[in-house]
Asks: 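Could you have a look at this structure, given as structure tokens, before my questions?
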Number of protein chains: 2
Amino acid sequence: MRLVVARCSAHYTGRLSAHLPLATRLIVVKADGSVLLHSDGGSYKPLNWMSPPCAMAVREPDAQAAERGVSAVWTVQHAKSDDRLEIELHDVLHDSAHDLGVDPGLIKDGVEAHLQTMLAAQIELLGAGHSLVRREFPTAIGPVDILARDAAGGTVAVEIKRRGEIDGVEQLTRYLELLNRDPHLAPVRGVFAAQEIKPQARILAKDRGIDCLVLDYDAMRGVDDVDSRLF
Amino acid sequence: MRLVVARCSAHYTGRLSAHLPLATRLIVVKADGSVLLHSDGGSYKPLNWMSPPCAMAVREPDAQAAERGVSAVWTVQHAKSDDRLEIELHDVLHDSAHDLGVDPGLIKDGVEAHLQTMLAAQIELLGAGHSLVRREFPTAIGPVDILARDAAGGTVAVEIKRRGEIDGVEQLTRYLELLNRDPHLAPVRGVFAAQEIKPQARILAKDRGIDCLVLDYDAMRGVDDVDSRLF
DNA sequence: CCATTAATTTCGTGG
DNA sequence: CCACGAAGTTAATGG
């Protein structure tokens with residue numbers, strides 16, 4: 001990894017055209033050839049970049065560019081497309097290279113898939129007497145996260161989101177519409193389950209007769225831990 | 001901006017829990033307090049990060065951590081939520097600080113809004129004799145990108161995308177369904193316009209009786225230049 | 001390898 | 001300030 005802090009301007013052409021006026025920025029050149037141009041604020045997204053696979057060519061500025069104060073021109077060309085990033089370097093304030101090695105990568109926990117697994121294992125969170133039919137119950141318009149039966153034998157369709165917003169309720173509504181056409185399943189009740197349910201989503205769900213269930217991730221994980229001790 | 005290259009591990013808790021095992025990484029601390037942890041590959045997304053507004057606290061490792069080789073612990077706490085990123089620094093291979101100043105920001109060109117403006121100005125690309133009714137024609141389910149009339153006086157609804165995919169055709173289908181209920185407008189013909197149209201989207205459009213129009217950005221811009229010379 | 005969907009998405013725009 | 005949609009989205013997953 002090479003780190004360069006320099007006054008520079010940049011031009012990108014590819015899926016769009018974009019230009020960065022002259023300013024001081026961090027330029028990161030990664031081991032795989034990818035390049036990031038970062039400013040000293042904003043979020044994690046660079047001002048401009050080139051994704052791998054790509055290769056960088058360095059050349060001297062022409063007379064006109066040199067006149068403008070350009071000390072070097074870096075052209076980063078994507079290997080499989082016409083995407084190209086051209087950086088004009090002026091003053092270089094810092095330049096260092098570092099051997100980082102391969103990263104073992106991020107280990108995640110608490111995403112939607114995990115919530116689904118845990119809710120399936122703790123299906124009585126839907127209410128006493130509920131039983132799991134199956135996870136990822138297939139329908140013509142896609143799989144329903146969880147299909148269950150309640151104590152009275154009625155069918156329950158569950159849509160799980162990490163954060164419950166309106167589009168999740170819409171999704172569940174479409175599933176319910178379809179499932180309720182199946183005489184073997186109908187009537188099917190809907191449950192919208194999420195770690196956090198936005199007020200608007202809650203209102204829409206209520207309007208559609210869909211129950212809301214807030215999932216307490218830590219509590220569910222705690223139960224999982226207890227379960228795992230039994231084995 | 002502070003640049004640190006160090007062997008480190010990290011732990012994030014907030015909207016999810018995530019862990020980074022010990023490895024050598026780039027740590028960027030921006031002027032607004034935000035922190036990025038980058039590996040030497042992948043795309044522009046960091047392995048882990050904290051978005052602004054946030055603040056970092058540095059503390060000495062406890063005896064146990066020191067035993068494991070930890071030289072310092074950085075805790076980055078988000079100002080408005082419970083999001084927290086904790087970094088355990090082991091060997092520090094590089095540490096430098098740089099004053100970058102405020103960035104003038106990226107200037108973009110060739111996005112959907114621009115395509116819409118240009119197509120409105122060159123409405124005959126839809127076919128000879130077409131005239132513009134209006135851009136962003138409002139409907140109950142959202143604005144139609146362009147509404148026009150063809151040579152025969154028939155209504156034409158245009159959906160514009162940079163890249164034409166299936167969901168764009170679905171969107172236009174919903175608009176057409178709604179517009180065709182209005183006796184003042186019906187029958188309304190649909191045109192799906194994009195710089196690039198995916199095969200699946202083209203097939204779906206054809207199936208729905210929607211015409212496809214590939215927009216040549218450079219050619220359209222060329223015409224725009226000619227137009228602007230007239231004024 | 002392609003299509004689909006989520007994301008600690010981020011980023012803009014318009015109400 | 002919030003909801004909505006696009007992004008040079010990126011990243012993971014399933015077929």
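Below, chain A is the first sequence line, B the second, and so on; all start at residue 1. Treat the numbers as computed from the prediction; the structure is a model and nothing was measured.
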Asks: To the nearest Å, how far apart are L106(B) CG and dT10(C) P?
Replies: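 Spelled out: CG on L106(B) to P on dT10(C) is 18 Å.
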Asks: What nucleic acid atoms does L47(A) come within less than 4.0 Å of, heavy atoms only: base, sugar-phosphate, or nothing?
Replies: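 Answer is nothing: L47(A) stays at 4.0 Å or more from every strand.
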Asks: Would K161(A) and Q195(A) count as having a side-chain donor-acceptor pair, cut-off 3.5 Å?
Replies: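 The answer is no; no qualifying pair exists.
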Asks: Report the distance from atom CG of L3(B) to atom CG of L26(B), rounding to the nearest 0.5 Å.
Replies: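 Rounded to the nearest 0.5 Å, the CG-CG separation comes out at 6.0 Å.
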Asks: Under 4.0 Å between a side-chain N or O of R162(A) and OP1 or OP2 of dT9(C)?
Replies: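 Affirmative; the distance criterion is met.
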Asks: Output the single nucleotide from dT10(C), dT10(D), dA6(C) whose closest atom is nearest the side chain of Q171(A).
Replies: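 From the listed options, dA6(C) comes nearest.
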Asks: Could you check which of dT10(C), dT9(C), dT10(D) has an atom nearest any side-chain atom of S51(B)?
Replies: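 Between dT10(C), dT9(C), dT10(D), the one nearest the side chain of S51(B) would be dT10(C).
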Asks: Rounding to a whole Å, what distance do you find between R15(B):CZ and dA7(C):P?
Replies: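 The distance from CZ of R15(B) to P of dA7(C) comes to 11 Å, rounded to the nearest Å.
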Asks: Could you give the CD-to-P distance, from E136(A) to dA12(D), as a whole number of Å?
Replies: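 Atom CD in E136(A) sits about 18 Å away from atom P in dA12(D).
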Asks: Taking atom types as modelled and ignoring hydrogens, do the side chains of K30(B) and H38(A) form a donor-acceptor contact shorter than 3.5 angstrom?
Replies: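 On atom types as modelled, these side chains qualify, holding a pair under 3.5 Å.
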Asks: For a quick check of understanding: with a heavy-atom distance under 4.0 Å over all strands, which category does M50(A) fall into, base, sugar-phosphate or nothing?
Replies: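 Base: the residue M50(A), judged by heavy atoms under 4.0 Å, touches a nucleobase.
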Asks: Without hydrogens or angle criteria, can the side chains of H19(B) and K108(A) be said to hold a donor-acceptor pair below 3.5 Å?
Replies: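 There is no such pair between these side chains.
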Asks: Just how far, in rounded Å, is C1' of dG5(D) from CD of E159(B)?
Replies: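 The distance from CD of E159(B) to C1' of dG5(D) comes to 11 Å, rounded to the nearest Å.
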Asks: dT10(D) C1' sits how many Å from L36(B) CG, rounded?
Replies: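 For the pair L36(B) CG and dT10(D) C1', the rounded distance is 15 Å.
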Asks: Between P143(A) and K80(A), which has a closest nucleotide on DNA chain C that is more 5'?
Replies: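 That would be K80(A).
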Asks: Who pairs with T75(B) by side-chain hydrogen bond (donor to acceptor under 3.5 Å, both in side chains), at least two apart in sequence or on another chain?
Replies: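 Counting only residues at least two positions away or on another chain, T75(B) forms a side-chain hydrogen bond (donor to acceptor under 3.5 Å, both in side chains) with R59(B), E86(B).
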Asks: Can you find a side chain N or O atom of W49(A) that sits less than 4.0 Å from OP1 or OP2 on dT10(D)?
Replies: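 Answer is yes, contact under 4.0 Å.
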Asks: Show each protein N/O and nucleotides 11-15 of chain C N/O combination with a separation under 3.5 Å, one pair to a line.
Replies:
| residue | atom | partner | partner atom | Å |
| --- | --- | --- | --- | --- |
| dC11(C) | OP1 | S43(A) | OG | 2.8 |
| dC11(C) | OP2 | S43(A) | OG | 2.9 |

Asks: Whole-Å distance between dT9(D) P and H78(A) NE2?
Replies: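 So the NE2-P distance, H78(A) to dT9(D), works out to 11 Å.
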Asks: Over how many whole Å does the gap from L204(B) atom CG to dA3(C) atom P extend?
Replies: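 It is 14 Å, rounded to the nearest whole Å.
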Asks: Quick check: do L47(A) and D103(B) have side-chain heavy atoms less than 4.5 Å from each other?
Replies: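 A side-chain contact exists here, since the closest heavy-atom pair is under 4.5 Å.
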Asks: Between the side chains of T173(B) and R208(B), does any donor sit under 3.5 Å from an acceptor?
Replies: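 The answer is yes; a qualifying pair exists.
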Asks: Round to a whole Å and report the spacing from CG of D83(B) to P of dT9(C).
Replies: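 To the nearest whole Å, that distance equals 9 Å.
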